[in-house]
Amino acid sequence: DVVDGWIHEADPAMIRAHSLGSLRMPVLGSSRGYLTSDQKEESAWLTSYECLWHGPFKQKLIQKQLDSLSGQVKVVKKRGVTQDPDRVWRQLRPSGSRSLCLFLWPDQLKIRAALCLLPGDS
């Protein structure tokens, strides 16, 4: 799975209505609700997050990226994976003041992750 620069989280009503295809954006893995594009999308049906890093879900690798980005995970979001967001969040050590969101989603038999800026942060 390739993140094009932005991850968009679809409104649950749009997912329930099976309307994601109308947005004409690639879906991340089999996440059913995470889309990607190369720009921020202004829509009442999407929340856009600028992606700073994406790769496999490996705690040591994610921690290394947090250190590199001077960030701390404020929110863990997941779709289609069994990981407990609170447990994942507790295992990550803050490495700076930059507020980040960690996304988790399935891609075939693997779990992918992305670190994104929270909307309104830079």
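If you read the sequence from its start, that first residue is 1, and numbering goes on from there. Note that the structure is a prediction, hence the values are computed from the model and not measured.
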Peer 1: Evaluate side chain to side chain contact (heavy atoms under 4.5 Å, CB included) for Glu42 paired with Ser48, printing each intermediate quantity in order.
Peer 2: CA-CA 8 Å; Glu42 300 294 336; Ser48 296; over 6 Å; no
Peer 1: Which heavy atom of Pro119 sits nearest to which heavy atom of Thr47, and what is that distance?
Peer 2: CG-CG2, 3.9 Å
Peer 1: Atom CD in Gln63, atom OG in Ser95: separation rounded to 0.5 Å?
Peer 2: 4.5 Å
Peer 1: Working to the nearest 0.5 angstrom, can you tell me the gap between Leu102 CG and Phe57 CZ?
Peer 2: 7.0 Å
Peer 1: For a 4.5 angstrom cut-off between non-hydrogen side-chain atoms, does Val73 reach Leu115?
Peer 2: yes
Peer 1: With rounding to the nearest 0.5 Å, note down the distance linking NZ in Lys60 to CD in Gln65.
Peer 2: 15.0 Å
Peer 1: Ignoring hydrogens, what is the shortest heavy-atom contact between Cys51 and Cys116? Give both atom names and the distance.
Peer 2: CA-SG, 3.7 Å
Peer 1: Kindly determine whether Glu50 and Lys40 satisfy side chain to side chain contact (heavy atoms under 4.5 Å, CB included), including the steps that lead there.
Peer 2: CA-CA 7 Å; Glu50 185 176 5; Lys40 183 178 182 178; over 6 Å; no
Peer 1: Quick one: CG on Leu28 to NE2 on His8, what's the gap to the nearest 0.5 Å?
Peer 2: 9.0 Å
Peer 1: Check step by step if side chain to side chain contact (heavy atoms under 4.5 Å, CB included) holds for Arg98 and Leu117.
Peer 2: CA-CA 8 Å; Arg98 201 176 214 185; Leu117 289 173; 3.9 Å; yes
Peer 1: If I take atom OG from residue Ser37 and atom CG from residue Asp4, how far apart are they, to the nearest 0.5 angstrom?
Peer 2: 7.0 Å
Peer 1: Please name all residues satisfying salt bridge (charged side-chain N to carboxylate O under 4.0 Å, His left out) with Arg93, sequence neighbours left out, ordered by chain then number.
Peer 2: Asp67
Peer 1: Quick one: do Leu104 and Arg112 satisfy side chain to side chain contact (heavy atoms under 4.5 Å, CB included)? Show the steps, please.
Peer 2: CA-CA 6 Å; Leu104 304 176; Arg112 304 291 293 170; over 6 Å; no
Peer 1: Residues two or more places apart in sequence or in another chain: which of them pass side-chain hydrogen bond (donor to acceptor under 3.5 Å, both in side chains) with Thr36?
Peer 2: none
Peer 1: Within a strict 4.5 Å, meaning less than it, do heavy atoms of the Leu23 and Met14 side chains meet?
Peer 2: yes
Peer 1: May I ask you to test the Lys58-Lys64 pair for a side-chain heavy-atom distance under 4.5 Å?
Peer 2: no
Peer 1: Please list all pairs meeting salt bridge (charged side-chain N to carboxylate O under 4.0 Å, His left out) that have one or both residues in residues 6-17, counting only residues at least two apart or in different chains.
Peer 2: Glu9-Lys77, Glu9-Arg79
Peer 1: If you compare all heavy atoms of Lys78 against all heavy atoms of Gln83, which two are closest, and at what distance to 0.1 Å?
Peer 2: CD-O, 3.0 Å
Peer 1: With rounding to the nearest 0.5 Å, note down the distance linking CG in Leu35 to CD1 in Ile7.
Peer 2: 10.0 Å
Peer 1: Consider side-chain contact (heavy atoms from CB on, under 4.5 Å). Of Leu66, Leu100, Leu61, Val3, which one does Trp53 pass it with?
Peer 2: Leu61
Peer 1: Identify the heavy atoms of Val81 and Trp105 that sit nearest to each other, and give their distance.
Peer 2: CG1-C, 3.7 Å
Peer 1: If you compare all heavy atoms of Ile62 against all heavy atoms of Ala113, which two are closest, and at what distance to 0.1 Å?
Peer 2: CD1-CB, 3.9 Å
Peer 1: Restricting to non-hydrogen atoms, name the atom on Ser22 and the atom on Ser19 that form the minimum distance, rounded to 0.1 Å.
Peer 2: OG-O, 2.6 Å
Peer 1: Can you get from Tyr49 to Trp6 by hopping between Ile, Leu, Val, Met, Phe, Trp and Tyr side chains that sit under 4.5 Å apart?
Peer 2: no
